Amino acid sequence: MAQQLALAPRVIGHAPPGFAPTTAAGLDVAYEGNTGRLAAAAVCVDIATGEVVDQAVILDQTDFPYIPGLFAYRELPSLLKALAALTTTPDLLVCDGQGRAHPRRFGLASHAGLETGIPSIGVGKNALGEFTTPAPERGSWTPLTDDGEVIGRTLRTQDGVKPLFVSVGHRIDLDTATNLVLTLCRKYRQPETTRAADHLCREALKGG
DNA sequence: GCGACAG
DNA sequence: ATCTTGTCGC
């Protein structure tokens with residue numbers, strides 16, 4: 001927790017000048033029961049078309065348990081290995097979990113962004129913090145707050161589906177993050193990046 | 001002290 | 001996250 005508090009101030013909440021990402025990498029991990037065995041995947045897609053342009057998956061082991069607030073210490077090491085296995089460097093990272101929407105404003109997405117220097121976004125299916133339900137139409141959103149501070153937003157990615165929680169990871173702003181997530185959610189609730197990474201690591205865990 | 005608690 | 005049958009809806 002002390003390390004998170006020390007690193008949080010280094011997070012940049014705005015995009016680089018002229019930021020116009022063409023590729024985005026989805027990151028996800030699949031676990032094998034209670035053993036520490038896991039598969040971590042990184043799938044890079046063309047943001048304009050949604051097509052997969054690069055992908056990598058690695059088998060790994062972890063001994064760090066799942067602890068709310070310390071999620072990155074369990075998944076990030078393996079995710080970085082998967083990222084390093086890509087043949088290209090993505091322009092954006094889409095993480096499964098929170099970025100700034102974290103007790104110490106330093107969730108997995110922020111940690112991943114700071115470690116790699118790549119702009120990143122946090123996309124969670126659940127969140128800590130307070131919020132009201134957004135309108136049922138795709139694209140509608142409401143702020144996600146904590147202690148009166150806006151730490152992210154709920155985002156309806158398709159008509160009538162449960163909202164996702166978007167927050168700044170690193171080197172991006174909330175509006176840009178929201179628009180990119182919406183663009184990546186072409187036909188389903190989750191971004192194509194997340195869907196592809198999820199599928200890949202699950203298959204790898206079975207086979208390997 | 002009690003409940004809640006990203007994946 | 002993972003386990004796990006039936007069931008609702010397009």
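Since the structure is predicted, the reported quantities are computational estimates derived from the model, not experimental observations. Below, read A as the first sequence line, B as the second, and so on, with proteins coming before strands; counting in each chain starts at 1.
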Do the side chains of A:Ile118 and A:Thr89 get nearer than 4.5 Å, heavy atoms only?
-> yes
Does A:Arg74 count as lying over the ring of A:Tyr31, i.e. NZ or CZ under 6.0 Å from the six-ring centre, within 45 degrees of the axis?
-> yes
Mind checking whether A:Pro119 and A:Asp91 have side chains closer than 4.5 Å, heavy atoms only?
-> no
DNA chain B contacts among residues 94-121 of chain A, heavy-atom distance under 4.0 Å = A:Asp96, A:Gly97, A:Gln98, A:His102, A:Gly107, A:Leu108
Just need the stems in DNA chain C: three or more back-to-back Watson-Crick or G-U pairs, each with both distances under 3.5 angstrom, sorted by first number.
-> none
Heavy atoms of A:Ala42 and A:Leu86 approach each other most closely as O-CD2, 3.6 Å
Residues within residues 139-147 of chain A bordering DNA chain B, heavy-atom distance below 4.0 Å | none
Non-neighbouring partners of A:Gln3 that pass side chain to side chain contact (heavy atoms under 4.5 Å, CB included), sequence neighbours left out | A:Leu7, A:Tyr73, A:His111
How would you list, by chain and number, every residue that makes a salt bridge (charged side-chain N to carboxylate O under 4.0 Å, His left out) with A:Arg105, sequence neighbours excluded?
-> A:Asp146, A:Glu149
Name all pairs fulfilling the side-chain hydrogen bond (donor to acceptor under 3.5 Å, both in side chains) condition that reach into residues 47-56 of chain A, sequence neighbours left out, sorted by first residue then second.
-> A:Asp54-A:Thr87, A:Asp54-A:Thr88
At the 4.0 Å heavy-atom cut-off to chain A, mark where contacts on DNA chain B begin and end, going 5' to 3'.
-> B:dC5 to B:dG7
Dot-bracket encoding per residue of DNA chain B, Watson-Crick/G-U cut-off under 3.5 Å, | denoting interstrand = .......
Please assess A:Thr35 against A:Glu32 for the test side-chain hydrogen bond (donor to acceptor under 3.5 Å, both in side chains), listing each intermediate value before the final yes or no.
-> CA-CA 6 Å; A:Thr35 71; A:Glu32 179 184 80; 3.1 Å; yes
Can you tell if the side chain of A:Leu70 reaches within under 4.5 Å of the side chain of A:Phe64, non-hydrogen atoms only?
-> yes
Within residues 169-193 of chain A, find the residues that approach DNA chain B with a heavy atom at under 4.0 Å, and present them sorted by residue number.
-> none
Let me know the distance between CG of A:Asp198 and C1' of C:dA1, rounded to the nearest Å.
-> 10 Å
Any A:Val11 side-chain heavy atom under 4.5 Å of A:Ser110 side chain | yes
Heavy-atom protein contacts under 4.0 Å, nucleotides 3-10 of chain C, coded B base, S sugar-phosphate only, - none = --------
Could you tell me whether the side chain of A:Arg10 reaches within less than 4.5 Å of the side chain of A:His170, counting heavy atoms only?
-> no
Does A:Phe131 have any ring-ring contact (aromatic ring centres under 6.0 Å, His included) partners at least two apart in sequence or in another chain, and if so, which?
-> A:Phe165
Taking all non-hydrogen atoms of both residues into account, name the closest pair between A:Gly139 and A:Leu182 and its distance.
-> CA-CD2, 3.7 Å
Report yes or no: do A:Ile121 and A:Val43 belong to one cluster of Ile/Leu/Val/Met/Phe/Trp/Tyr joined by side chain heavy-atom distances under 4.5 Å?
-> yes
Only one of A:Leu79, A:Asp198, A:Asp28 passes side-chain contact (heavy atoms from CB on, under 4.5 Å) with A:Asp96, and that residue is A:Asp28
State, yes or no, whether a side-chain contact exists between A:Pro21 and A:Ile47 at a heavy-atom distance under 4.5 Å.
-> yes
A:Ser78/A:Leu38 under side-chain contact (heavy atoms from CB on, under 4.5 Å): CA gap, chis, key distance, verdict = CA-CA 9 Å; A:Ser78 300; A:Leu38 61 81; 3.5 Å; yes
Would you mind reporting whether A:His199 and A:Glu203 have side-chain heavy atoms less than 4.5 Å apart?
-> yes
Within residues 54-77 of chain A, those residues having any heavy atom closer than 4.0 Å to DNA chain B are A:Tyr66, A:Pro68, A:Gly69, A:Leu70, A:Phe71
side-chain contact (heavy atoms from CB on, under 4.5 Å), paired with A:Cys185, selected from A:Gln158, A:Arg156, A:Arg195 | A:Gln158
Taking atom types as modelled, is there a side-chain donor on A:Thr178 or A:Asp175 under 3.5 Å from an acceptor on the other?
-> no
Close side-chain approach of A:Arg171 to A:Pro16, heavy-atom, < 4.5 Å = yes
State yes or no: do A:Val168 and A:Leu92 share one hydrophobic cluster built from I, L, V, M, F, W and Y residues joined by side-chain heavy-atom distances below 4.5 Å, directly or via other members?
-> yes
